Number of protein chains: 2
Amino acid sequence: MPRRDSATPPPGDLPHGPHGNRRVYGREMQSRSPASRTGRPRSAAADAAILAATREALVDLGWSKLTLGDVATRAGVAKTTLYRRWAGKNELVVDAVAELFDELKLPDRGSLAADIEGVVLQFASILALPEARSGLMAVVAEATRDEALRERIRASVVDRQKRLVLEGRSRAQARGELPPEPDPASSARTVDLIFDMVAGAVVHRTLVSAEPADEEWVHRFTGVLLRGLAGEAAHPADG
Amino acid sequence: MPRRDSATPPPGDLPHGPHGNRRVYGREMQSRSPASRTGRPRSAAADAAILAATREALVDLGWSKLTLGDVATRAGVAKTTLYRRWAGKNELVVDAVAELFDELKLPDRGSLAADIEGVVLQFASILALPEARSGLMAVVAEATRDEALRERIRASVVDRQKRLVLEGRSRAQARGELPPEPDPASSARTVDLIFDMVAGAVVHRTLVSAEPADEEWVHRFTGVLLRGLAGEAAHPADG
DNA sequence: GGCTTTCGCTACGAGTCGTAGCGTAATGCC
DNA sequence: GGCATTACGCTACGACTCGTAGCGAAAGCC
């Protein structure tokens, strides 16, 4: 059999990635949901090669000109293999871009302002990558007409970011920098508001205004955000 | 000649639209830039019909499945006519979506907070339209790899929004709600920051979080933003 | 009437899509 | 080791879209 493993890049191992319930495998998941123990297992190396090839194609071609045939060729796999694992271009790109957000961390820098600035700068550096710029907005646009795709994005990209907001807030509350919120519903709304403001501003700055979210910008933005949030306790629902 | 004017919807007049230098007509603009007075003029009704058909197709199909042939059929024009006026799908969608933002106004409601809330609610109501949701993000994604398209979006969508920010700020400064900024460079940076925060948050709330930017959300957001900006005078470049 | 430009229509090669079918490879179970 | 089961590579296919070329006719200006 003329295998071409020599063409596959060194993909590391990545048995099924560090993600939770991502990589749902489009169509045939429900029919083998318990555990398909028998038969030839899917190649984990092929997974990694395909996702890497997808990011490479995003850089070279952008989303609209990216074709699954080209990705398959780059990854050194057959086009049919690709269709067996992903339902279409959207799902593939979501998974490929989601891996970029794996390295988002929240190092404890001692103050809420410093923590936020650090996370926002990390987020900005990811959005500065061309594979993230071309891919992320395109799948978000597609998701406006595809509920399942929206859920996939939420699970693999958004929720991972939101966890950082939650963690940072609880730290800040422990430090006394933010007031505690006993009502869980109100607390969730606050987290949603913060998240929309942070992610929205960085995305808009990077992709629409097309200017870098550098340290000066992030510092100003963080200042405005924190002062506004801190003042919210003094104006609780001032209708 | 088997014309099919019966198929063209009642497009109104719209001689060349209320836009400034939009509708650049892709390729052949530079060769007829002074004024082409001779020959058969282009049908303004066809322009309006094409843009309306584009929005209709965005609602029915979304960006990725929208084809120029389908738009031409819906508009009752030949596909070649469409290609004579627009360079491609991206430029066409930008123009079609840009018309949605024409009705953005800044009514003077007496206070900065009320002005901002009014504009943000208008912006949110436009983003709630399916033709705006599917189209806008897609062209922004494409623009990450196309400088000319980015400029087209800036001229026809972004700048029109930014003018509202400028106008609202000058009103607020006249009222004493915001401190004056003598330095024009710093002033421009402030406007950019506000704009990225407002537009980014609304877009993220509407398209990524997929939840409505209703009055309650807008009220909270506006409060955080204004308190943060008002406090900036007290912390001038405390970095 | 001449000149110029636009318009509708048809036709075309090139490229992509997603799937079917086949033979082969790699596992687990007996 | 043999068997069943699943994954893989490869080829081929009809259907669709793309963007353009060419034609005759229409609609303006002089």
Side-chain angles (χ1 to χ4, degrees), chain A residues 1-8 15-16 23 25-29 31-50 57 61-92, chain B residues 1-8 11 15-16 25-29 31-50 53 57 61-93:
Chain A
M1 175 188 179
R3 287 289 296 277
R4 33 168 53 163
D5 287 359
S6 60
T8 63
H16 46 282
R23 192 110 9 101
Y25 289 122
R27 40 194 124 228
E28 62 241 275
M29 189 56 182
S31 61
R32 46 194 288 279
S33 47
S36 69
R37 288 181 267 293
T38 176
R40 174 178 175 175
R42 286 185 172 171
S43 162
D47 255 32
I50 290 171
L61 307 172
W63 187 85
S64 62
K65 295 181 181 175
L66 178 147
T67 70
L68 295 192
D70 182 72
V71 170
T73 303
R74 288 171 188 261
V77 302
K79 191 173 62 165
T80 44
T81 297
L82 222 157
Y83 277 103
R84 288 189 190 104
R85 304 193 182 197
W86 282 276
K89 182 172 23 174
N90 291 329
E91 290 78 6
L92 174 63
Chain B
M1 175 185 182
R3 288 288 295 277
R4 33 164 55 159
D5 286 359
S6 61
T8 64
H16 46 284
Y25 289 124
R27 43 196 120 227
E28 62 241 274
M29 191 52 183
S31 62
R32 47 193 289 277
S33 46
S36 69
R37 286 183 266 295
T38 176
R40 174 177 175 176
R42 286 184 171 172
S43 162
D47 256 32
I50 290 171
L61 307 172
W63 186 86
S64 61
K65 294 182 181 175
L66 179 147
T67 70
L68 295 193
D70 183 72
V71 170
T73 303
R74 288 171 188 261
V77 302
K79 191 174 62 165
T80 45
T81 298
L82 222 157
Y83 276 103
R84 287 189 192 103
R85 305 192 182 197
W86 283 276
K89 181 165 41 167
N90 292 329
E91 291 77 7
L92 174 63
V93 171

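We name chains A, B, ... by the order of the sequence lines, and we start the count at 1 in each one. Treat the numbers as computed from the prediction; the structure is a model and nothing was measured.
- Here Lys79(A) pairs with Ala72(A), Tyr83(A) under the side chain to side chain contact (heavy atoms under 4.5 Å, CB included) rule; sequence neighbours left out.
- Summarising the geometry, the separation between CZ on Arg40(B) and P on dG2(C) is reported as 20 Å, rounded to the nearest angstrom.
- Among the nucleotides dC8(D), dT5(C), dG18(C), the one closest to any side-chain atom of Arg42(A) is dC8(D).
- Pairing each heavy atom of Ala49(A) with each of Ala75(A), the nearest pair is O-CB, 3.6 Å.
- Atom-to-atom, CG of Asp47(A) to P of dA7(D) comes out at 12 Å; the value is rounded to the nearest Å.
- Atom pair Lys65(A):NZ and dG15(C):C1' shows a separation of 13 Å (rounding to whole Å applied).
- Checking dG9(D), dG8(C), dC7(C) against the side-chain heavy atoms of Val77(B) singles out dG8(C) as nearest.
- In this structure, the nucleotide among dA7(D), dC17(C), dT17(D) sitting nearest to the side chain of Arg85(A) is dA7(D).
- Legend: residues meeting side chain to side chain contact (heavy atoms under 4.5 Å, CB included) with Asp70(B), ordered by chain and number and at least two apart, are Ala57(B), Leu61(B), Thr67(B), Arg74(B).
- Annotation: the terminal axes of the helix from dG1(C)-dC30(D) to dC30(C)-dG1(D) meet at 30°, where each axis is the rotation carrying the C1' atoms of four end pairs onto the next four (5 pairs per end, rounded to 10°).
- Using a 4.0 Å cut-off, some side-chain N or O of Thr81(B) falls inside it from OP1 or OP2 of dG8(C).
- Taking 4.5 Å as the limit, every side-chain heavy atom of Trp86(A) sits out of range of all side-chain heavy atoms of Leu68(A).
- Contact annotation: the side chain of Asp47(B) approaches that of Arg85(B) to within less than 4.5 Å [non-hydrogen atoms, C-beta and beyond].
- Residue contacts for Ser43(B): at a heavy-atom cut-off of 4.0 Å it reaches the sugar-phosphate backbone alone, with no base atom in range.
- Protein atom CG of Leu61(B) is 13 Å distant from nucleotide atom C1' of dT17(D), rounded to whole Å.
- Rounded to whole angstrom, the span from the CZ atom of Arg84(A) across to the P atom of dG9(D) amounts to 8 Å.
- Considering only side-chain atoms of Lys79(A), the nucleotide from dG8(C), dC18(D), dC17(C) that sits closest is dC17(C).
- Side-chain atoms of Thr80(B) come within donor-acceptor range of the base of dC9(C), with a qualifying N/O pair under 3.5 Å.
- In this structure, CG of Leu68(B) is placed 5 Å from P of dC18(D), rounded to the nearest angstrom.
- Atom P of nucleotide dC18(D) and atom CG of Leu66(B) are separated by 8 Å, given to the nearest angstrom.
- The residue among Lys89(A) and Ala78(B) whose nearest nucleotide of DNA chain C lies closer to the 5′ end is Ala78(B).
- Scored by the side-chain hydrogen bond (donor to acceptor under 3.5 Å, both in side chains) test, Ser64(B) finds Glu142(A) as partners (sequence neighbours excluded).
- As a whole-Å value, the separation of Tyr83(A) OH from dG21(C) P is 18 Å.
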Assess whether side chain to side chain contact (heavy atoms under 4.5 Å, CB included) is satisfied between Lys89(B) and Leu92(B), documenting all intermediate values.
-> CA-CA 5 Å; Lys89(B) 181 165 41 167; Leu92(B) 174 63; 5.7 Å; no

